[in-house]
Each structure stands twice: as structure tokens, then as C-alpha cells.
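Just follow the structure's listing: the first ligand is 1, and inside any ligand the first atom is 1. In what follows, residues are counted from 1 in the order of the sequence shown.
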Amino acid sequence: MNPTTTRSTCPYCGVGCGVLIDSVGSQITDVRGDPQHPANFGKLCTKGQTLHLTASPAIALQTRLLQPMQRLQRGASAQPLAWDAALDLATDRFASVIESHGPDAVGFYISGQLLTEDYYVFNKLAKGLIGTNNVDTNSRLCMSSAVAGYKLTLGADAPPACYDDVNHASCLFIVGSNAAFAHPVLFRRIEEAKKANPAMKVIVADPRRTDTAGFSDLYLPLQPGSDVMLFHGLLHIMLWEGWLDAAYIAAHTTGFDALKALAREYTPERVAQACGVPKEDLYTAAQWFAQSPATLSLYCQGLNQSSSGTAKNATLINLHLATGQIGKPGAGPFSLTGQPNAMGGREVGGLANLLSAHRDLANPQHRAEVAALWGLPSVPEKPGKSAVEMFQAAADGEIKALWIACTNPAQSMPDQATVRRALQRAEFVVVQEAYATAATCDFADLLLPATTWGEKDGTVTNSERRISRVRPAVTAPGESRHDWRIVVDFAQRLEARLRPNEATLFPYPSPEPIWNEHRESTRGRDLDITGLSYAMLEQQGPQQWPMRTGETVGQERLYEDGIFPTPDGRARFAALPFVPLAEPRESRYPFSLTTGRLRDQWHGMTRTGTLGRLFGHVAEPAVQLNPQDMVRRGLKEGDLVHVTSKRGSILVPLQGSTDIGLSQAFIAMHWGAEYLSGLSSTGTALAGVNALTTSAYCPSSKQPELKHAAVKVLKAELPWMLLAMAWLPEAGALGALQGLRELMARFPFASCVPFGRERTGVLFRAAAHDAPDTALMERIEHLLGLNTPDALRYADKRLGQRRAARLVRVGEVTQLDGFMLAGDTRAEAWLKPLLQDELAADAYGRRLLMPGAKPPVAIEAKGRQICTCFNVTDLAITGRLATCEGSDDERLATLQTSLRCGTNCGSCVPELKRLVRATPALQAA
Ligand code: SF4
């Protein structure tokens with residue numbers, strides 16, 4: 001068969017990079033950055049460029065949901081079902097609930113990873129056909145504060161800037177965003193802009209000294225939650241110093257006097273103390289922001305995921321309006337979207353308080369316009385439940401049927417205890433999903449298999465308002481169907497029940513007519529795309545909105561004329577005071593826990609978590625604390641600790657990091673129950689990092705404060721430890737991983753991750769008070785292939801110890817293929833590199849079973865992977881740096897030439913720069 005290349009987009013972050021997918025028949029064989037896509041011009045990050053590997057048949061067979069499944073009883077395994085039967089069942093159960101309890105007894109929880117067409121039909125299904133506004137999305141956890149902030153100040157949910165603005169900015173203010181990890185390809189553009197214009201000032205404000213902070217000219221180590229205090233403090237200084245743009249304020253804004261009166265209270269002394277930032281740095285930041293020819297702010301979850309999320313967004317926008325840093329090249333507030341199509345969801349009104357095309361549910365005229373468009377007498381007026389409210393309502397028994405699509409609330413929602421109660425109490429739960437491995441699937445009564453990246457057809461909108469076509473490279477595997485198709489198939493059945501003898505509201509044979517209907521809904525709105533079509537996207541490539549009838553290109557940046565989409569055409573200052581965190585740290589919970597991204601993982605890891613190589617940079621779950629806090633509390637690296645908030649407690653290994661401020665703690669957001677599990681003292685299953693987080697939310701945006709929870713950290717006393725690792729055949733590795741995950745809940749602490757670059761291995765770690773029963777040990781050995789007759793083994797039941805090792809012959813050498821250390825894991829330090837680095841093990845024999853023994857040949861671990869593309873480790877990098885002198889730039893260039901690290905996708909460059917700064921040449925030391 002001839003290879004085919006298909007133009008599409010990356011399904012991960014909101015940068016929205018274009019990709020070229022190579023495929024042969026039904027198999028995706030490669031992926032490359034699309035040189036013609038204006039978001040990335042051919043570049044991809046570590047996640048994007050491994051996409052094709054996640055689509056291998058072996059992975060699909062072990063992880064994908066390929067046919068509808070029904071679970072007859074909660075806790076039992078699900079059984080296959082034909083599509084017609086599955087849709088009839090869903091229709092019957094939803095119709096019964098609606099008929100008995102009214103439309104608000106059902107809820108739809110959907111996703112910023114759906115395509116715009118998927119989103120549109122879900123919204124129409126809920127608000128149009130069923131008559132409930134209970135449709136919300138995981139974008140509520142991600143972008144709703146940005147939406148509320150834009151609307152409050154600028155009048156519409158429209159990011160005014162574009163990616164090219166980084167090339168025109170003379171000052172970049174990055175706040176609440178680790179763009180180096182979360183938006184890597186945009187960060188490459190920032191690095192290039194700085195290289196082209198070294199005079200460009202970069203300010204980074206963040207509680208953690210991230211790789212993004214490492215790139216800054218000025219780092220403001222903000223105390224968690226103090227952003228509004230900072231922004232008002234900067235405004236105070238600008239006012240005092242006369243750095244504001246009075247002409248812009250007078251001509252284009254309203255409400256400045258009230259803000260000015262409020263800002264007077266935010267003196268530099270007060271702000272410096274509350275934010276933990278030196279006063280001089282506040283003055284420098286204020287001056288650079290106000291007096292640079294063009295200042296661009298980039299921000300993300302640090303502002304959004306907050307109980308003051310709207311205020312944080314709005315008070316940052318205040319600074320742009322007060323200094324006239326908006327509506328010109330290189331200037332403006334620019335929120336970065338976390339998800340690939342959070343913007344598209346906002347465009348179609350896919351949130352519980354919105355209607356199509358940025359219309360408001362609360363506005364009667366807007367409701368009438370949408371009803372007319374859909375050919376309905378009305379659409380419901382009562383606000384729907386936002387994400388947190390929806391799961392609370394299900395936990396309280398108010399919502400009885402839930403439909404969850406393309407998202408994993410059993411991993412990603414805060415306060416998992418409530419979410420799990422909701423999923424258990426709901427009478428009927430449908431999960432429409434591509435991956436059977438997502439934690440939420442365990443709670444489904446009905447599982448509907450959906451297509452995913454490389455198979456889907458439609459459009460997405462990225463952070464800079466750019467609409468791209470998503471095209472299928474291969475056909476849907478198994479019986480999976482496109483998300484829009486599943487909704488339409490269900491909706492047509494449901495309308496036969498709810499409005500018989502009426503023409504269908506869902507007459508869509510393909511995604512294009514859905515998109516055309518959405519396009520019509522935007523006519524005359526701020527996001528008007530009536531000048532755009534699928535055909536134009538084919539011919540001219542991705543386009544930004546607005547693009548009105550008759551226009552031939554989209555609008556690059558907004559508000560260049562100083563006119564805003566408000567009744568009087570003026571932007572509005574928001575005089576919102578600083579409000580403390582929902583849950584400040586206190587004596588019983590003395591640490592501020594924040595969550596954030598890893599460089600090589602995406603959200604709940606249902607896709608990236610299938611590749612061992614993406615665990616090379618960060619291999620296992622950990623909580624990070626400042627080393628001074630560890631010393632003060634008698635904790636040491638690797639200790640297993642209880643991290644406890646008012647809502648839950650998890651067990652996790654401890655790691656010291658000077659990136660973390662004093663009295664602060666960090667756990668990556670990705671570690672859900674799929675990777676990190678255990679049992680509470682009462683026997684309840686624990687649920688990953690979001691067992692700890694709070695569902696307290698911003699009163700305006702209803703976005704929960706995922707960025708902060710008060711916690712305590714205490715050493716766990718679990719003397720019995722287990723570590724098991726093995727290389728496994730590709731066709732069985734993820735199946736074994738899944739089998740081991742099912743065992744995790746048998747231990748107070750357990751974690752389970754894949755590893756390996758060309759091959760796949762599985763690492764299982766556990767701890768308990770006492771040795772578990774032999775049957776459980778044998779099950780672990782079985783799953784890791786350590787139960788073969790040729791495996792070496794040792795067991796001492798009295799001491800609770802058990803060890804196994806399997807050796808294999810590879811060419812001329814013997815290698816360790818798998819091992820288990822139970823009860824005594826001292827040999828981890830040398831057995832782990834012996835296995836992972838595939839070193840010769842001929843000289844070892846039964847010594848592999850002696851935990852206290854020294855290896856007969858000294859083993860040097862290769863270190864932690866920094867460059868994923870060329871598999872270059874920290875030890876190789878620091879070793880090379882030790883012999884290399886010159887300026888930082890010269891030493892970086894030497895590294896890149898000699899080891900090739902950072903010369904492909906560039907995702908590791910910020911960390912390479914950090915290592916360059918931290919590692920002196922030996923001669924100079
Ligand atoms: Fe995908 Fe990376 Fe581009 Fe984001 S930056 S869209 S994850 S390739």
C-alpha cells in the first residue's frame with residue numbers, strides 16, 4: 001500500500017500545532033510538524049512528536065475501548081453490547097429519568113479535547129432537545145476564569161493577542177504559567193524572540209522556580225494566591241511614578257477612578273510583604289511593564305485555577321488598559337489555553353452558563369436568538385450546573401444520569417471523595433471514551449467507544465483564535481464511532497421519545513453541516529466566522545477569528561481601534577480587591593500544596609502514559625518539598641510520606657527541590673489513581689493527587705482552586721517495601737500494567753508506571769505494614785513473567801522476604817530481564833540500572849537475590865533522561881559540562897554539538913540552560 005500523508009493538528013495543548021500524519025492502510029506510521037501551520041511552522045514538542053507511537057496496534061489493542069460495553073452490576077466487569085442495543089439502553093435510561101424527574105436530573109460533562117462539531121451537538125442535545133443547561137466541560141477546570149476576566153473587562157471572551165506578538169514584544173510578563181512545560185512550542189518561539197532581541201525583558205511571577213522562571217530577567221517568587229495583590233501593587237507604583245497612559249484611559253476605558261481609589265491601599269511595603277517579593281523588584285517589574293514600548297502578558301492555570309480566578313485575570317488586564325499596552329503589535333493580555341479545543345468549546349457555548357457564539361444564558365435576547373436558530377420555541381433559562389456543582393448534585397442524588405465524554409473526572413476533578421460518591425450514587429453513568437484505561441471507565445454502566453487522534457474529522461481553535469481542520473488519517477478502529485456521530489445517533493433516538501412526529505434537530509450526515517450551523521450562529525457576534533468555510537480552510541489553511549462575510553483573512557489581533565465589544569465601546573476597569581486563598585495554610589496544615597504539569601505528560605496520561613519513553617524525564621510520582629523544610633521535619637529524600645488535606649490523604653515518596661519555596665509542596669497534576677494508589681486507614685481506596693485538592697471555586701467563573709490546598713506532610717511508617725521491574729513483550733506490557741494496577745488497592749501504598757525507550761517495561765512499587773499473602777506475591781510475579789521455571793528465587797516467609805530474578809541470553813551476554821525485591825529493597829540502587837540500562841549480568845548469578853550484597857562489577861547508573869529525542873541523561877550532560885569552559889551560550893552550544901541534546905524538539909533546552917548555570921567547569925571550580 002502507498003504511504004499517505006494527512007494534515008491535522010496535535011491533540012494535546014492549546015498551542016494547537018499542525019502535524020503531518022504518515023499512514024499506510026489503517027496504520028499510522030509517523031508524525032511530523034507541519035511546516036505550513038502558523039502555530040508551529042514545523043516544530044513539535046516531545047509529546048507531539050511521539051504521537052504516532054501512541055497509535056501503534058499493540059498499544060491500541062491493550063488500551064482502546066473498541067466496542068460498546070455494559071456493566072450489569074457496579075463493580076462487575078463490563079460485557080460487550082451491540083451499538084443499537086447500547087444506544088437504545090442509553091435512550092431508555094435517560095428518557096426515563098427526564099420523564100420522572102425533569103430535564104435537570106441529567107447532566108453532561110464533556111471536554112476541551114472534543115472537536116468543535118462534537119461540542120456543538122452535545123450543547124444542542126442538552127440545551128435544545130432535553131431542555132437542561134446541565135452541560136459543562138473540563139474547560140471549567142482550565143479556562144473559565146479567563147473567560148470571565150475577558151468578559152468583565154474587555155466585553156467579550158476574545159484573547160486580543162496572537163503568537164506573533166512575542167516577536168514584537170519588548171517586555172514579556174509571564175505569570176502563573178510554566179510555558180516551558182505546558183506550551184513548549186510557543187516557548188521555543190519566545191526563546192527565538194529573545195535571541196533575536198536580547199533587550200526584550202522577561203518577567204516571570206510564579207511560586208515555583210520553574211524552567212520558565214529560569215529563563216527570566218526578573219523572577220518574582222510570588223506567594224501562592226497573592227497575584228491580585230501583586231497586580232494592584234504594580235498599578236500603585238505605576239500611578240505614583242506617573243507611568244500610566246492617561247490618554248488611553250480617557251479615550252477607551254471606564255471605571256478608572258474606582259480602581260485608582262482601591263489601588264492606593266496596595267502600597268509597595270504591604271505588597272512586598274504579602275507577595276514575598278522584594279520592593280525593588282516590584283518597582284523594576286512595574287517600570288518594565290509600563291514603560292516598555294510593547295508589553296505582552298502570557299498566563300494560564302496559575303491565574304485561572306483559583307478561588308479568585310476572575311479577579312486575577314481582570315486585575316492583570318487592568319494593567320494593560322492603564323498603560324495602553326493592548327491593541328498594538330507585541331502588547332496585550334494573552335491567556336494560554338490548556339487544552340487543544342477549549343476555545344472551540346467556548347465558541348459554541350459549551351459551558352453551563354453560556355450559549356452558542358459567546359451568548360449569555362442570562363440574556364433573554366440571546367436565548368431567543370439561539371432558540372430561533374435551532375427552530376425551537378425557547379431554550380431553558382435556569383443556569384446549569386458547573387463541573388463542581390454537577391458532581392455535587394450527583395453525589396446528593398439530584399442529578400440521576402450522567403453522560404461523560406472524552407474526559408476523566410475520576411482523575412482530574414478536585415475533591416475526589418465527592419466525585420467518586422457522585423459516580424457511585426448516579427443511577428446511570430455513560431462514559432464515551434477512546435481509552436478503556438481511564439479511571440472513570442470503572443464507574444460506567446455503559447461504555448461507548450469513541451475515535452481519537454488520527455481518526456477524527458472536524459475543527460479545533462487554538463489559543464490565538466486560529467481554527468484548524470482536524471483530518472482523519474486512518475479509519476475508526478473496532479466499532480468505535482466519532483463523538484459527534486454518537487451524540488447524533490443518541491439524540492435522534494431520544495427525540496423520537498421526547499418530541500415524536502417532529503422533524504429532527506440533528507440532520508447531520510457529516511461534521512461539515514454541523515460546523516456550518518455553528519458558523520451561522522456567529523453572524524454579527526465578536527467571533528463572526530461567516531466569511532470562513534471548510535473549503536477555505538482546505539485552500540488557505542488555518543484561519544483566525546473573526547473572519548466576517550467578504551473578508552479573505554482572519555483578524556490577527558483585536559482592539560487595534562480602541563473600540564471594545566461593550567455597550568459604550570469602552571473597556572471596563574475592574575476594581576476587585578485582593579481576597580485570600582480559600583484554604584490558607586495554618587498550623588495543622590502548614591504546607592501550601594500546588595499542582596502543575598510535567599514536561600512530557602499530558603493531563604491524566606491516558607495517551608502519553610502508554611509510552612515508557614515519556615517517563616524518562618520523571619519516572620515515578622513524588623511530592624516535592626524545599627530541602628530546608630525536609631531537614632526541619634527530619635525527612636529525607638525517598639521517604640514515603642502521608643500528604644494530607646482536609647479532604648483526603650495520599651502516600652507518596654518525597655523529593656527535595658530548591659525550586660519549591662519554603663512551606664510549599666508540589667505534586668504533578670497527572671498522578672491519578674491509575675498510577676498512584678493505596679488504602680486509607682479505614683480501607684477506602686485513595687485517588688491520586690486530587691484526593692487532596694479543594695473544590696472551592698471562584699464565585700464568578702466557578703473554576704475550582706486546583707492550584708492550592710493546605711496540607712500536612714508526615715513520614716509514613718510502612719516497613720515492608722516491594723519493588724518489581726521487568727521488560728515485557730510489546731503485545732502484553734500494557735495489559736500487565738493494567739493487571740498490576742488492579743492490585744494496587746491491595747497495598748496502603750502502590751505505584752505502577754511503564755518505562756523503557758525501544759522496549760516497554762513495567763515498574764511496580766508498594767509498601768505495607770506487613771508482608772502480604774503469598775498469593776498476591778505470586779500474582780505480581782506472574783504478571784511480570786517472573787514465575788517461569790528458569791527464574792531465580794528466594795523466599796523467607798518468617799521475615800516476609802521474597803525475591804525473584806529472571807536472566808535472559810541476548811547475543812553473547814546475559815542480561816537481567818526482570819526482578820522482584822520484596823521485604824528488603826536495598827539492592828534497588830544496582831539492580832534497577834542493571835535492568836533499565838540493559839547491562840551485562842553474566843557475573844551475577846544468585847547474587848541477584850542477595851539484597852545486602854555488592855555487585856561484582858561496579859554499576860554506574862546512566863542518570864535521568866533530560867533529552868527525550870536523543871536519550872541524553874543529566875549525568876552525561878554534567879559530565880560533559882565539567883570539561884567545557886566558556887560563556888553559558890558557548891557551553892550550551894558545545895553540549896548540543898557533542899551530545900545532540902536539545903537540537904531536535906527543543907523541549908529540554910530550558911533544563912539544559914539550567915544545568916549549564918549550575919555546573920561549573922572542573923578547571924574553573
Ligand atoms: Fe502538541 Fe507540544 Fe504543540 Fe502543544 S506544543 S500542540 S503538546 S506539539
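Checked for salt-bridge contact, D22 and R32 meet the test: a charged N lies under 4.0 Å from a carboxylate O. Classification of K312 and D227 as a salt-bridged pair holds, one side-chain N sitting under 4.0 Å from a carboxylate O. Salt bridge status for E191 with K194: absent, with no side-chain N to carboxylate O gap under 4.0 Å. Using a cutoff of 4.0 Å between basic side-chain nitrogens and carboxylate oxygens, R469 and E538 are scored as salt-bridged.
In this structure D659 satisfies the salt bridge (charged side-chain N to carboxylate O under 4.0 Å, His left out) test together with R914, sequence neighbours excluded.
Looking only at side-chain heavy atoms (C-beta outward), R471 and K456 stay at 4.5 Å or farther from each other.
Around atom 2 (Fe) of ligand 1, protein N, O or S atoms at a distance under 2.8 Å total 1; waters are neither shown nor counted.
For ligand 1 and G16, the ligand atoms under 4.0 Å from any heavy atom of the residue are 6 (S).
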